[in-house]
K.L.:
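Below you'll find the structure I mean.
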Amino acid sequence: MQTDFTEVIQAYGLQPNHCSVRPLGNGHINHTFLVETTKSQRYVLQQLNTDIFKKPEQIAHNWKMAKSHIEKIAPDYPMIAYTPTVKGELLFVDSDNQTWRMTNYFDQTVCFETLDNIDFASKTARAFGRFAALLSQIDVNLFYEILPDFHNLNYRQKQFDQAVAQASAERLNEAAGLIARLNANRWITSFYNEVIHRLPRRIVHMDAKISNVLFDVHQHEVRCLIDLDTLMPATLLSDVGDMIRSMSCAAAEDERDLSIIKIRPGFVEAIVSGYAAEIDDIQPIEKKLLPFGGLMLVYMQALRFLTDFLENDHYYHTRYPGHNLDRARNQETLLSELLCEPLIFGKYPF
Ligand code: GN1
Ligand code: MG
């Protein structure tokens, strides 16, 4: 991780000795910083993780496609804007071959890791619904699949099985009970395989968690959806699923007190209905499967966190040994709670 920002700051035409740089947010993949000039101009600077995002120029391309389309149909829509380098590039590659991007900072905004209010969940669902609606007429073939098979549950299940087959005896032992509980839910992948091809591919956000939403500090309305790195073709299940995953429970995804992992009454309904209400051309099959999106994403996230633990934590940033195992336990608990949720219980073949 580079700590000398001189070269990158200069690339954006700013003067290093007139800027302060400090870490921002809680991303699991990229490194994010807030740059503030002595004249109080603020920018978000990110060092992209190119081990994961191997073709960052595709991220910039997808953003550009979405931005120019939305500008035509909703010119006032607040979308993240890239700040180009002095050479007019959307990305900057430094002399250490690290890739950087700068975007605008939204003043007077706040973002949350968890929510205590159903009204915010509803507003967030509407905001992601509006975003999907704005992109509903765009040609999906204009977009790159930034991370192939990103939300392909079948692929995630296979990665998990491989990780189990190759893990150290020590990690397998620590995770044994959890592996068995996740394996008892493999029907979710079978059901996914049956239905996913019946849904249209659209352009979706694909990281629609609450921490990727900026709210206005005063009005408490959604100002902007951030983190468009995974904007790509997929189905509506991805975004509704991540909202259910991150908003229906009061606890964060790495909460270790599993007794407080509960689905709050009314939240899943508020998310599903708020999301669907904004998408005029939503098809009946999509609408019917929205609650399943929650099962799909929570199960997938449990598999992904546990896969990373079994593979010695190479993918997600972790803050302590066993962090990924705790996250996976958390998500598996959330899954078992979600299976009892009225919109889901008894609706899918166990
Ligand atoms: C990752 O880096 P961040 O926090 O935006 C991940 C998502 C997961 C999420 C779990 C590219 O997102 O898929 O849902 O963590 N992004 C990637 O919170 O893997
Ligand atoms: Mg993300």
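Just follow the structure's listing: the first ligand is 1, and inside any ligand the first atom is 1. FYI, side chains are in, hydrogens and waters are out, and symmetry mates aren't considered; it's all heavy atoms of this structure.
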K.L.:
Is it the case that the side chains of Asn30 and Asp229 hold a donor-acceptor pair, with the cut-off being a distance below 3.5 Å and no angle test?
P.N.:
yes
K.L.:
Looking at Asp119 and Lys123, does any basic side-chain N land under 4.0 Å from a carboxylate oxygen?
P.N.:
yes
K.L.:
Checking only N/O/S atoms, does Asp227 have one that is under 2.8 Å from the Mg ion (ligand 2)?
P.N.:
yes
K.L.:
What protein heavy atom lies closest to atom 7 (C) of ligand 1? Include the residue and the distance to one decimal.
P.N.:
Asp207 OD1, 3.7 Å
K.L.:
Suppose we measure from atom 14 (O) of ligand 1 to each protein heavy atom; which comes out shortest, and what is that distance?
P.N.:
Gln301 OE1, 2.8 Å
K.L.:
Treating Gln10 as the side-chain partner and Pro16 as the backbone partner, does any N or O pair qualify as donor plus acceptor under 3.5 Å?
P.N.:
no
K.L.:
Step by step, would you call Arg171 with Glu311 a salt bridge (charged side-chain N to carboxylate O under 4.0 Å, His left out)?
P.N.:
CA-CA 9 Å; Arg171 291 206 176 211; Glu311 291 178 345; over 6 Å; no
K.L.:
Please determine whether any non-hydrogen atom of Arg245 lies less than 4.0 Å from an atom of ligand 1.
P.N.:
yes
K.L.:
Can a donor-acceptor pair be found between the side chains of Gln301 and Gln331 at a distance below 3.5 Å?
P.N.:
no
K.L.:
Could you tell me whether Lys209 and ligand 1 have an N or O pair separated by under 3.5 Å?
P.N.:
yes
K.L.:
By atom name, which N, O or S atom belonging to Asp207 lies closest to the Mg ion (ligand 2)?
P.N.:
OD2
K.L.:
Does ligand 1 have an atom that lies less than 4.0 angstrom from a heavy atom of Asp229?
P.N.:
no
K.L.:
Please work out which of Met206, His28, Arg304 has its closest non-hydrogen atom nearest to atom 13 (O) of ligand 1.
P.N.:
Arg304
K.L.:
Out of all atoms in ligand 1, which are within 4.0 Å of some heavy atom of Phe53? Include the element for each.
P.N.:
11 (C)
K.L.:
Which residue supplies the protein heavy atom nearest to atom 17 (C) of ligand 1, what is that atom called, and how far is it?
P.N.:
Tyr315 OH, 3.4 Å
K.L.:
Under 3.5 Å between some N or O of ligand 1 and some N or O of Asp227?
P.N.:
yes
K.L.:
Is there at least one pair of N or O atoms, one from Phe150 and one from ligand 1, spaced under 3.5 Å apart?
P.N.:
no
K.L.:
Run the ring-centre check on Phe292 versus Tyr192 and record whether the distance is less than 6.0 Å.
P.N.:
no
